[in-house]
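Report on the structure given below.
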Amino acid sequence: MDHFQYRDGRLCAEAVPLARIAEEVGTPFYCYATATIEHHYRVFADAFAGLDPTICYAVKANSNIAVIGTLARLGAGADVVSAGELKRALAAGVAPGRIVFSGVGKTADEMAAALKAGVLQINVESEPELDVLGQVAGSLGVDAPVAIRINPDVDANTHEKITTGKSENKFGVEWTRARAVYSRAAAMPAISVVGVAVHIGSQVTDLAPFRDAYVRMRDLVAMLRADGHPIERLDLGGGLGIPYGDEVTPTPEEYAATVKSAIADLDCHIILEPGRVIVGNAGVLVTRVVHVKEGAMRTFVIVDAAMNDLLRPALYNATHAIVPVTEAAAGTELMEVDVVGPVCETADTFGTGRLLPAMKPGDLLAVRTAGAYGAVMASTYNARPLVPETLVRDATYAVVRERMSVDDMVALESFPPWLAAPDKAAREAGG
Ligand SMILES: *Cc1c(COP(=O)(O)O)cnc(C)c1O
């Protein structure tokens with residue numbers, strides 16, 4: 001379900017034609033639909049209604065403050081993995097008491113920032129991290145509310161680069177060591193153990209690994225309580241997958257049913273950290289055709305967006321649907337083309353063998369389902385400035401991140417003292 005549909009042959013975000021935004025802000029740009037973000041949040045929250053969980057939107061999926069703010073207004077908390085994301089969540093109006101701080105490599109400074117902000121809980125992923133947190137909390141004179149992230153050793157059956165719950169992954173404390181780590185944490189003065197956390201991966205499209213991991217967590221909570229630990233919260237992470245094409249993925253209702261049956265009558269407050277399922281199909285990347293090149297074997301539609309703007313195809317071999325912004329008339333002949341960016345990497349390919357109407361320079365294409373892990377992963381490779389992000393609501397839109405300029409990029413750089421600036425060197429050489 002999304003709000004990017006053709007109206008009178010023009011692809012619109014809600015009621016705003018994407019071609020109009022392209023005229024006004026230039027290409028490439030990201031466009032998000034408020035109605036889709038809100039719809040997905042509500043569907044997810046409604047699925048868990050009886051459980052009354054805290055839903056902490058995983059900010060890393062899309063950390064634009066306007067997107068976080070849209071969700072915060074609906075009551076979402078935030079799951080953050082860096083001091084930067086913490087700052088964004090607070091700036092977007094998320095209450096500190098609804099923020100979970102996750103991540104394998106939190107620095108002492110990041111821990112201090114989280115404790116000073118008064119976050120709900122810090123999910124600790126290792127014993128060395130626990131020790132540092134104990135020292136940081138002690139020196140601030142506060143108690144750190146902690147959940148230990150457990151690695152349940154289940155295979156999430158997702159892409160190897162986004163599977164996180166196998167024992168060979170860097171995430172969490174091995175479940176077989178959980179009791180030992182909890183008793184150690186309980187003995188630490190500035191650590192207050194409040195919960196257990198788990199997150200098995202992303203783009204998980206099979207409910208079985210969720211069920212296996214959550215059953216294991218239920219048994220663990222029971223065991224830890226029997227050991228005398230006051231486990232009040234169970235953080236089940238995120239990871240629910242979404243369709244990128246016409247594949248069928250579990251609905252939030254089915255996922256909620258899996259959660260409910262796995263944790264059964266465990267009397268524990270549940271925290272959920274959905275990211276992709278909330279924002280994934282709430283965004284598109286709009287790009288303009290630069291050239292159409294007839295290669296020896298294939299036709300290349302070369303567009304002005306590239307892997308630096310949307311990394312998922314290059315990094316995960318992800319398939320995103322690509323559609324023309326002007327709807328092809330019924331019966332239009334389709335051609336098989338590769339849609340590629342201008343970056344000097346063969347991986348800079350958005351799609352191979354795609355069926356599209358004949359494209360010409362200047363035409364607009366929309367890369368769909370680009371709302372999650374899109375703009376947040378962008379880089380400036382090939383000295384390409386970060387592209388704007390726009391947010392639509394009904395018939396209006398706003399630019400929620402300006403296009404960066406090359407001057408902005410270069411302004412952070414300088415010549416070292418031993419290299420004269422080129423214009424000065426040229427003058428001194430008499431040139
Ligand atoms: C990435 C991440 C999430 C969100 O994952 P999605 O697949 O986007 O739902 C939730 N929790 C943690 C700890 C994460 O690292």
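One-based numbering, in listed order, for ligands and for the atoms of each.
- Evaluation of the salt bridge (charged side-chain N to carboxylate O under 4.0 Å, His left out) rule for Arg298 yields Asp338 as partners, not counting sequence neighbours.
- Atom CG of Leu310 sits about 4.5 Å away from atom OH of Tyr30, to the nearest 0.5 Å.
- Contact annotation: Ala372 has no heavy atom less than 4.0 Å from any atom of ligand 1.
- Residue Arg276 touches ligand 1 through backbone and side chain together, judged by heavy-atom distances below 4.0 Å.
- The backbone and the side chain of Ser202 each have at least one atom closer than 4.0 Å to an atom of ligand 1 (non-hydrogen atoms only).
- Below 3.5 Å of separation, one finds no N or O of Ser102 facing any N or O of ligand 1.
- By the 4.0 Å heavy-atom criterion, Phe171 is excluded from the residues contacting ligand 1.
- In terms of protein heavy atoms, atom 14 (C) of ligand 1 is closest to Lys60 NZ, 2.8 Å.
- Summary of contacts: the protein heavy atom closest to atom 11 (N) of ligand 1 is Glu273 OE1, 2.6 Å.
- A donor atom on one side chain and an acceptor atom on the other are not found under 3.5 Å apart for Glu174 and Asn151.
- Protein heavy atom at the shortest distance from atom 8 (O) of ligand 1 is Tyr373 OH, 2.6 Å.
- A donor atom on one side chain and an acceptor atom on the other are not found under 3.5 Å apart for Glu273 and Tyr57.
- Distance from atom 4 (C) of ligand 1 to its nearest protein heavy atom, with residue and atom name: Ala58 CB, 3.3 Å.
- By the ring-ring contact (aromatic ring centres under 6.0 Å, His included) test, His320 is found to be paired with Tyr244, residues two or more places apart in sequence or in another chain being considered.
- Residues Tyr255 and Phe48 place their aromatic rings such that the two centres sit under 6.0 Å apart.
- At least one heavy atom of Asp79 sits under 4.0 Å from some atom of ligand 1.
- Just one residue in the list His159, Arg276, Lys60 forms a side chain to side chain donor-acceptor pair (under 3.5 Å) with Ser202, and that residue is Arg276.
- Considering all non-hydrogen atoms of both residues, Met409 and Thr380 come closest at SD-CB, 3.7 Å.
- When each atom of ligand 1 is checked for a heavy atom of Gly275 under 4.0 Å away, the hits are 6 (P), 8 (O), 9 (O).
- In terms of N/O distances under 3.5 Å, ligand 1 is not approached by Leu240.
- The closest side-chain donor-acceptor pair between Arg384 and Asn308 falls under 3.5 angstrom.
- Between Arg149 and ligand 1, a contact under 3.5 Å exists for no N or O pair.
- For Gly239, a nitrogen or oxygen atom sits less than 3.5 Å from a nitrogen or oxygen atom of ligand 1, counting backbone and side chain alike.
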